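By convention in this document, chain letters (A, B, ...) are assigned in the order of the sequence lines, proteins followed by strands, and residues within each chain are numbered from 1. Please read all numbers here as calculations on a predicted model, not as lab measurements.
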Number of protein chains: 2
Amino acid sequence: MAKKFTSSLSEEALLLVAGRFAVLGEPMRLRLIQHLFAGEMNVSQLVDATGGTQANVSRHLHTLTAAQIITRRKEGLQVYYRISDPTIPQLCNLVCGSMEQQLTRQASAFGP
Amino acid sequence: MAKKFTSSLSEEALLLVAGRFAVLGEPMRLRLIQHLFAGEMNVSQLVDATGGTQANVSRHLHTLTAAQIITRRKEGLQVYYRISDPTIPQLCNLVCGSMEQQLTRQASAFGP
DNA sequence: TAACTACATGCGTATATACTTATATACTTG
DNA sequence: CAAGTATATAAGTATATACGCATGTAGTTA
């Protein structure tokens, strides 16, 4: 059984969890993740898809890889990345739904 | 039906989602959230519980309130905060479980 | 081997933000 | 009203990090 965050956690574990949230807290990284939901892509494809510079995309991919959110697969000259952590889509959808609900509720405060 | 992050999202929505992750990406804020899982607490109690300064705790509580993760209830001289977004515990536990699994897998790479 | 392509990385700069100190505000009580 | 308490905020500093530019490295092809 997995240890639950809600029932007290060591400071060290808390820092790890915060680190993971922080990794997901950058728009460019989230953009990369979003594109990777469609399936495996190489760096050039991600550069085109996101409109970022090659250097910046590469760096963020490194960060995501270090966080074990995505994995690297080298094929000749290209490097393909894909999402390796199955909780990432759940996580994103959970947040997305929560945000939508918040905004809907706020919007309804201005009328029916 | 809530819009899913996994099926393409507007840039604006993506920024909002990133912002929420970023809010959860600070250790002190996560520490406050963790203590609030036990129930409603006022600022002084949170200062004691976390060991932070009053000013810093107050600022982070403001950030969490702005993100609609917690709500403020003023009672006389004290201000009580509590978690208002029900997805927060789910979110934290999801990440926590994922981290644990990662580390367990890594640990097992060093032998049985 | 030379030239080329895809990706990674070192370094500098700009910017965001966490934290501290000091002070302000809001409420209570004498 | 004065003094005290709980919380918020303003201003300054320190630090982290995202980004751009330049360059390095790995692999391919001529």
Exercise for review: State the NE2-CZ distance between B/H60 and B/R31, to the nearest 0.5 angstrom.
Suggested key: 9.0 Å
Practice item. Return the value, rounded to whole Å, for the distance between atom CD of B/Q78 and atom P of D/dG4. Key: 18 Å
Review point. How many angstroms lie between OH in B/Y80 and OG1 in B/T71, if you round to the nearest 0.5 Å?
Key: 14.0 Å
Exercise for review: Hey, could you give me the CD1/CG distance between A/I69 and A/L24, rounded to the nearest 0.5 Å?
Suggested key: 4.5 Å
Review point. Is there a donor-acceptor contact under 3.5 Å from the side chain of A/S58 to the main chain of A/Q54?
Key: no
Review point. At what distance, to the nearest 0.5 angstrom, does SG of B/C96 lie from CG of A/L9?
Key: 4.5 Å
Check your understanding: How far apart are the C-alpha atoms of B/Q102 and A/D85, what are their side-chain angles, what is the distance that settles it, and do they pass the side-chain contact (heavy atoms from CB on, under 4.5 Å) test?
Key -> CA-CA 9 Å; B/Q102 278 186 10; A/D85 186 326; 3.6 Å; yes
Exercise for review: Could you please spell out the steps behind the side-chain contact (heavy atoms from CB on, under 4.5 Å) verdict for B/L30 and B/Q34?
Suggested key: CA-CA 6 Å; B/L30 225 45; B/Q34 191 180 28; over 6 Å; no
Point to revise | For A/T65, all residues meeting side-chain contact (heavy atoms from CB on, under 4.5 Å), sequence neighbours excluded | key: A/I70, A/Y81
Practice item. Check each of A/D48, A/V79, A/L36, A/V47 against A/M41 using the side-chain contact (heavy atoms from CB on, under 4.5 Å) test, and report the only one that passes. Key: A/L36
Exercise for review: Report yes if at least one side-chain N or O of B/Y81 is closer than 4.0 Å to OP1 or OP2 of D/dA6; otherwise report no.
Suggested key: no
Review point. Would you say B/E12 has more than 12 foreign heavy atoms packed within less than 6.0 Å of its CD?
Key: no
Practice item. Evaluate whether atom CD of B/Q101 has more than 12 neighbouring non-hydrogen atoms of other residues, nucleotides or ligands under 6.0 angstrom away. Key: no
Revision key, fill the gap. In whole angstroms, the gap separating C1' of D/dT9 from CG of B/L61 amounts to 14 Å
**Study point:** chain B footprint on DNA chain C, 5' to 3' - any atom under 4.0 Å from a heavy atom
**Key:** C/dA18 to C/dT28
Exercise for review: Using a cut-off of strictly less than 4.0 Å between a heavy atom of the residue and any atom of DNA chain D, enumerate the qualifying residues of residues 13-30 of chain A by number.
Suggested key: A/E26, A/R29
Practice item. Evaluate whether atom CD of A/Q78 has more than 12 neighbouring non-hydrogen atoms of other residues, nucleotides or ligands under 6.0 angstrom away. Key: yes
**Study point:** Residue-level proximity of residues 43-60 of chain A to DNA chain D when a heavy atom falls under 4.0 Å
**Key:** A/T53, A/A55, A/N56, A/R59, A/H60
Exercise for review: At under 4.0 Å between heavy atoms, which parts of nucleotides 25-30 of chain D does protein reach? Answer with one letter per nucleotide, 5' to 3': B base, S sugar-phosphate only, - none.
Suggested key: -BBS--
Check your understanding: Which value, rounded to the nearest 0.5 Å, describes the distance between B/L64 atom CG and B/I88 atom CD1?
Key -> 8.5 Å
Check your understanding: Nearest 0.5 Å, what's the CD-CG distance between A/E75 and A/N42?
Key -> 9.0 Å
Revision key, fill the gap. Rounded to 10°, the helix from C/dT1-D/dA30 to C/dG30-D/dC1 deviates from straight, judged by its five-pair end axes, by 10°
Check your understanding: Going hydrophobic residue to hydrophobic residue with side-chain gaps under 4.5 angstrom, can you get from B/L103 over to A/F21?
Key -> yes
